[in-house]
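Presented below is the structure to which this report refers.
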Amino acid sequence: MLTKRHLLQTGAAAAIPLAALTLAGARAQTSVSRPGFFKARDIAEEGFVYGLPIVMNYGVMYEYAVDRTSSQFKAPFNQIKNEPNVFTYKDTAIPTPNSDTPYSLAWLDLRAEPIVLSVPAIDPKRYYSVMLCDGNTYNFGYIGTRATGSDAGDYMVVGPDWKGATPSGIRKVFRSSTQFALAAYRTQLFDVADLDNVKKVQAGYQVRPLSAYLGQPSPPPAPAIDFPKFDKELVKLNFFEFLDFALQFAPEQPVEKDIRARLASIGIGPGKTFNFKDLSLEDKAEILLGMKAGNGKVDAAVAAAGKAVNGWRVSSLFGDSAFYNGDWLKRAAGARGGIYGNDAEEATYPLTRTDGDGQTLDGSAHNYVLTFPAGQLPPVNAFWSLTMYDGKTQLLIENPINRYLINSPMLPSMRTNADGSLTLYIQNKSPGADKESNWLPAPNGPIYLVMRLYWPKTTPPSILPVGEGTWQPPGLKRVS
C-alpha cells in the first residue's frame, strides 16, 4: 500500500473552527435554491465519504508531482521517478508505505495525448508490478509478473475521453476514468546486496507520450492548471474546495449520477458558483456536522472491514470501478486504511492493531511474539512481508537497526525453532543478541501491523477468497 495520516484526518471535522470553515472554491447558490438545513448536512456527510479518496489522492499528487518545493516531490507529470531504495521513517507523504519493494512512480497527465509505458524483460523469479490508479482511486489495470508476464512490452494509458487507433506494437490499452493517473511500479528486492540489480530493472522502465513513442510531432499542450496549494491545515478548512477542483478532471460516470447531483445542489462540482463563506453560521454548522458524521462512518468502516481472523482484519478494499460499484464507503475505507493498495489477487493485506485476544497492541507496555507453525508460512507465488507502523500516524518508525519489516527473502538469515516454526519478536527494545535476527522493532506506543501477501496462491492453502481462505494469519501473543 502506498494513506497520509494527517490527510486521513481530513475528516477530523470536529477540529475545524466554524468561523474558519471557508470554502472559497465551492462557489454560489441563492438561499432559495439551497437545500434545507438537514438535507445539506446529509449531503455533506455523503459528500465527505464520496470525496475522501479523491481529495487524498489530490494531496499526494500535489506533493509528488506539482509542488517542487515539497520534500516529497518526485518528478513532473509524465516522467518516471525511480526510487533505488525503500521507504523509511523519513518518508511521510503516504501513510502505510510499502518498504519491501523499491518504487518507481509516474504521475500521468492524459489530457493532451496517451502515455506509453514500456517495461523490459525481467527475470521471472523477480516479482514486479505496475499498478495503474486514477484520480477516483480505481485500480484500472496492471502490468507485471502476474498480470502480463515477465516479457518486455509496450502498454498505452489513455484518458477518459480518448478516441483513436491502437498503434502496432502496443500490447494493451488501459483507460483511466480521470485525466490524471498514477503508475506505481513495485520491483522486488531480494536483499540489500540485490539493490544494484533492482536499479538495472528500474532503468529499463520508460514513460513516453504517444507522439514520442511513434516519433511524431507532439500535439498542442494541454492548458496550464493553477493547482490549489495543499497541506494538512488547508484540507481541514477547505475539504470541499479540493473535491470541487478535482472533479473537473473526472467525468461523471453513470454510477456517480446521484451523488454528483446531490453535491451540485450544495454548489460542489465542475462549473459551480457557490460561495460557502456566504452561508449563515447555522448552515456552516450543518455542513460541519455532516463532515464529522462522514468521518465517523469511514473510521467505523475501516475497523469493521473484512473479517476478524485471530486479531487480524482480512479484507479486500481495492479494485476498479466495477469492484466498488458505487459503494463509496468501501472506497473511503480502502483509502483511509492504506491508499493505493492492490487488488486482492495482486496482493492481500491482513492488518491489525490488536493481539490474538483482542487487546490493543502497545509497544510501550508489552512485548509480543508472532509464531508461524512449521510449514504454515504465508502461501504466495511471489513473496510476503510484515511491516511495522506507528499506531498513531501509520508511518514507519525510526529504530536502532533500521528495520521496518520482515519478509520472506530474509528467511535464510533468521532463526527457526527446533520444531521448524518461525517466531518473530515484536517489541520496542531488543530481545537480545541471540534473537535480534527475528526482531521487528515496535514503537514506544500504539502498534499498527500490516502483512502483505504478494500474488497470493489461489489453491489451498490460500488466503483467498479474502477472509474465507484455508490459510489464516496467526495471532500475536503478549509475552510480557
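Treat the numbers as computed from the prediction; the structure is a model and nothing was measured.
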Any residue meeting side chain to side chain contact (heavy atoms under 4.5 Å, CB included) with [X], in chain and number order, not counting sequence neighbours:
X: Ser118; answer: Val116, Asp154, Gln206, Arg208
X: Ile122; answer: Pro120, Arg126, Tyr128, Val201, Tyr205
X: Val309; answer: Lys307, Val314, Gln472, Pro473
X: Arg146; answer: Tyr142, Glu345, Glu346, Trp455

Any non-hydrogen side-chain atom of [X] less than 4.5 Å from a side-chain atom of [Y]?
X: Met131; Y: Ile143; answer: no
X: Ile115; Y: Leu110; answer: yes
X: Arg353; Y: Ile447; answer: no
X: Leu105; Y: Tyr64; answer: yes
X: Leu396; Y: Ser99; answer: yes
X: Pro441; Y: Met388; answer: no
X: Thr352; Y: Arg313; answer: no

Legend entry - Distance-minimising heavy-atom pair for Pro350 and Leu453: CD-CD1, 4.0 Å
Please state whether the rings of [X] and [Y] are parallel, tilted or perpendicular, taking 30° and 60° as the class boundaries.
X: Trp107; Y: Tyr340; result: perpendicular
X: Tyr127; Y: Phe383; result: perpendicular
X: Tyr368; Y: His366; result: perpendicular

Inset, instruction - Any side-chain hydrogen bond (donor to acceptor under 3.5 Å, both in side chains) involving residues 410-435? Give me the pairs, sequence neighbours left out, ordered by first then second residue. - result: Thr371-Thr423, Asn417-Ser421, Asn417-Thr423, Asp419-Ser421, Ser430-Glu436
Legend entry - Those residues that, when tested against Tyr155, pass ring pair (Phe, Tyr, Trp, His ring centres under 6.0 Å) (two or more places apart):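 By the ring pair (Phe, Tyr, Trp, His ring centres under 6.0 Å) rule, Tyr155 matches no residue at all.
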Legend entry - Separation between CZ of Phe180 and OH of Tyr58, rounded to the nearest 0.5 Å: 9.5 Å
Inset, instruction - Output yes when Arg336 and Asp299 qualify as a salt bridge under the 4.0 Å nitrogen-oxygen rule, no when they do not. - result: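 A salt bridge links Arg336 with Asp299.
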Identify, with sequence neighbours excluded, every residue that meets salt bridge (Lys or Arg N to Asp or Glu O under 4.0 Å) alongside [X].
X: Lys74; result: Glu83
X: Lys330; result: none
X: Lys199; result: Asp196
X: Asp362; result: none

Legend entry - Chi angles and distances behind the ring-ring contact (aromatic ring centres under 6.0 Å, His included) call for Trp384, Phe372: CA-CA 13 Å; Trp384 60 267; Phe372 295 99; 5.5 Å; yes
Inset, instruction - Report the C-alpha distance between Tyr89 and Asp390 in whole Å, list the side-chain angles of each, state the deciding distance to 0.1 Å, and finish with yes or no for side-chain hydrogen bond (donor to acceptor under 3.5 Å, both in side chains). - result: CA-CA 10 Å; Tyr89 68 92; Asp390 181 285; over 6 Å; no
Check for a donor-acceptor pair, side chain of [X] on one end and backbone N or O of [Y] on the other, with a separation under 3.5 Å.
X: Asn402; Y: Pro400; answer: no
X: Glu468; Y: Pro465; answer: no
X: Asp109; Y: Phe77; answer: no
X: Arg331; Y: Asn136; answer: yes

Inset, instruction - Determine, step by step, whether Arg175 and Trp162 satisfy the side chain to side chain contact (heavy atoms under 4.5 Å, CB included) criterion, reporting the C-alpha distance in whole Å, the side-chain angles of both residues, the deciding distance to 0.1 Å, and the verdict. - result: CA-CA 8 Å; Arg175 185 177 296 273; Trp162 180 81; 3.9 Å; yes
Under 3.5 Å, which donor-acceptor pairs link side chains of residues 316-325 to any protein atom two or more places apart or in another chain?
residue	atom	partner	partner atom	Å
Asp320	OD1	Ala322	N	3.2
Asp320	OD1	Phe323	N	2.9
Ser321	OG	Gln253	OE1	3.3
Tyr324	OH	Leu317	O	2.5

Inset, instruction - Identify which one of Thr387, Asp100, Thr101 satisfies the side chain to side chain donor-acceptor pair (under 3.5 Å) criterion when paired with Arg452. - result: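 So the option named by the test is Thr387.
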Inset, instruction - Using side chain to side chain donor-acceptor pair (under 3.5 Å) as the criterion, list what pairs up with Tyr50, not counting sequence neighbours. - result: Glu256, Arg260
